[in-house]
> 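Take a look at the following structure, please.
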Amino acid sequence: MAESRTEFVPVERQMEILGRGAVDLVTEAELTKKLERSRETGKPLTVKVGFDPTAPDIHLGHTVLLRKMRQFQDLGHRVIFVIGDFTGLIGDPTGRSKTRPALTPEEIARNAETYKRQCFKVLDPQRTEIRFNSEWLGALGSEGFVRLAARYNVARMLERKDFRTRFQSGQTIAIHEFLYPLAQAYDSVALRADVELGGTDQLFNLNVGREIMPDYGLESQIVLTTPLLEGLDGSEKMSKSLGNYVGVEEEPREIFGKLMSVSDDLMWRYYLLCTGVSTEGIERMKALVVSGELHPKKAKEGLAMRIVADFHGETAARTALEEFQRIFQAGGVPDEVVEREIPVEKGKVALTKMLVALGLASSNSEAMRLVQQGGVRLDDAKVPPDTREIEAKVGTTVLVKVGKRHFARARFVASF
RNA sequence: GGAGAGGUUCCCGAGCGGUCAAAGGGAGCAGACUGUAAAUCUGCCGGCCUUGCGCCUUCGGAGGUUCGAAUCCUCCCCUCUCCA
């Protein structure tokens, strides 16, 4: 993207790219002004984004924000990736389950490494600056914190929706929870941020930064938020704890398969937020699907391919597509199947025990149910519902399939 | 400090002395169908086995009452509401 240096991309075009998919932009006029100035002076904008050091498992939901960061990078701006090691030490106060054990410096360092590895699947490593906010927040001291706290007031804090609802319903709000947005705001002061990005749930915190900066003699930062991506189920937001996520480090075939399980409706949302396909391009595809010229499944495969390619490269994406087609359209077998040894007694093997041993069922009861429901196949032959044990010859193997997508190979060995 | 409400299986949420492994929904799994791990429909959804209407473990914790308790009593822990 040689031509996309700040000096060369017209402000109007930059606004168009940066505004795509954004939820809040405070304010559009100010961003335009900053972009114009940066273009005139040749000085890139400083874009700051904060990350909590406690959850280094990056999933597709996070990449919406990372992609936005990447867009700034591609336009020649300076992106600072702030790891909230200091704010992390305070601990995220929202969860009321017990105080979180403070992370050790080693853990933070390790998490930071994981972050780097995962984020650079989207970000440009050459143009990403990584900073830890303990650097300036630690130096602030208690006096500095008091001064910082004096910049804001309780009424303003209570404007934040979750604080307000908790306050009104009589739920506890610990004092230090108020420090969280302030500390984050101070990050912007310390880094002299021009723009801060975040998920739309961060809007309040980002705006605190905006309000505090003039008190420190700085121009207010621009606040730009990205939407929260819906998870695979299409209703809840994507999160690890809900299990409806696609991790960036997952196997290509897993990512591919998970994306294929997304509903046709949700597919367009993912196209918009997780790929570089233009809004017009998406609209065109939608129209083709409606008119019957493009099969929705093809469109979904395209989506899955793009995303796998982003994280694992083109080759992996093609392999994943081929494997998916082989398994689900032709009833084939994946390239790699786990193999375990199963002891044989008197020429026989208890079917339920084998399924558990192969990791295809979590208990004998579950294995029993699977058999009864006709969900088990041995070497592609359906197992009759009342089967208890199977004949097995030591030295042979059998391919066990449960449902459409769970495979394992049993290698029969003599029981000692 | 005072007065109330509540803690149920992965989640939400019924049950309020036996017929409760516990309604309903969600998630998950399987089957059918298909265009895919979409949608829809059906079934399953604590564990164990000698698969019986069997046994064991579950309804915040510990005791108790009872032939029998998720359901009643006592104490304790935790959450929430209102008053001060």
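Letters go in sequence order (proteins before strands), and every chain restarts at 1. Just so it is clear, the structure is predicted and the values come from calculations on it, not from any experiment.
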> Output yes when at least one side-chain N/O atom of Arg369(A) is less than 4.0 Å from OP1 or OP2 of G47(B), else no.
yes
> Please measure how far the C1' atom in G31(B) lies from the corresponding atom in U50(B), and state the result in whole Å.
29 Å
> Measuring to OP1 and OP2 of C48(B), would you say a side-chain N or O of Ser365(A) lies under 4.0 angstrom away?
yes
> Can you tell me if the side-chain N/O atoms of Ser261(A) get under 4.0 Å from OP1 or OP2 in U36(B)?
no
> With a 6.0 Å cut-off (strictly less than), is the heavy-atom count around CZ of Arg411(A), excluding the residue itself, greater than 12?
no
> Give me the distance, rounded to whole Å, that separates U8(B) from A14(B) when you measure between the C1' atoms they each carry.
9 Å
> By the 4.0 Å heavy-atom rule, please label Met368(A) as base, sugar-phosphate, or nothing.
base
> How far, in whole Å, is C11(B) from G2(B) if one measures between their P atoms?
34 Å
> C29(B), OP1 or OP2 - any side-chain N/O from Arg405(A) closer than 4.0 Å?
yes
> What about Asp264(A), does its side chain sit under 3.5 Å from the base of G35(B) through a donor-acceptor pair?
yes
> Is the count of non-hydrogen atoms from other residues, nucleotides or ligands lying under 6.0 Å from Lys121(A) atom NZ greater than 12?
yes
> So does Glu135(A) have more than 12 non-hydrogen atoms from other groups sitting under 6.0 Å from CD?
yes
> Taking pairing as Watson-Crick or G-U wobble with both contacts under 3.5 Å, can you name the mate of A30(B), or confirm there isn't one?
U42(B)
> Between G31(B) and Gln373(A), counting only base atoms on the nucleotide and side-chain atoms on the residue, is there a donor-acceptor pair under 3.5 Å?
no
> Inspect the surroundings of NZ in Lys353(A) and state if more than 12 heavy atoms from other residues, nucleotides or ligands are less than 6.0 Å away.
no
> So if I take every side-chain heavy atom of Ser363(A) and compare against U36(B), G47(B), U51(B), which nucleotide ends up nearest?
G47(B)
> Kindly state which residues belonging to residues 378-389 of chain A come within less than 4.0 angstrom of RNA chain B, counting heavy atoms of the residue only, listed by number.
Lys382(A), Arg388(A)
> Name the residue closer to the 5' end of RNA chain B, choosing between Gly375(A) and Glu254(A) according to the nucleotide with the nearest heavy atom.
Gly375(A)
> Any strand counts, and the cut-off is 3.5 Å on both contacts for Watson-Crick or G-U wobble. Which nucleotide pairs with A5(B)?
U79(B)
> For a quick test of reading the model: is some side-chain N or O of Asn364(A) closer than 4.0 Å to OP1 or OP2 of C49(B)?
yes
> With Gln184(A) as reference, evaluate Leu206(A), Leu137(A), Val208(A) under the side-chain contact (heavy atoms from CB on, under 4.5 Å) test and give the passing residue.
Leu206(A)
> Scan Val376(A) against the nucleic acid and name what it touches under 4.0 Å (heavy atoms): base, sugar-phosphate only, or nothing.
nothing
> I want to check one thing: is the phosphate of U36(B), taken as OP1 and OP2, less than 4.0 Å away from some side-chain N or O of Lys297(A)?
yes
> Between G61(B) and G68(B), how far is it from one C1' atom to the other, in whole Å?
22 Å
> Roughly how far apart, to the nearest Å, are G64(B) and A3(B) at atom P?
29 Å
> Salt-bridged, Arg210(A) to Glu30(A), with N to O below 4.0 Å?
yes
> Using the C1' atom on both, measure G46(B) against A21(B) and round to a whole Å.
7 Å
> Can the positive tip of Lys300(A) be found less than 6.0 Å from the middle of the six-membered ring of Tyr270(A), inside 45° of the ring normal?
no
> At under 4.0 Å between heavy atoms, what does Gly374(A) touch on the DNA or RNA strands: base, sugar-phosphate, or nothing?
sugar-phosphate
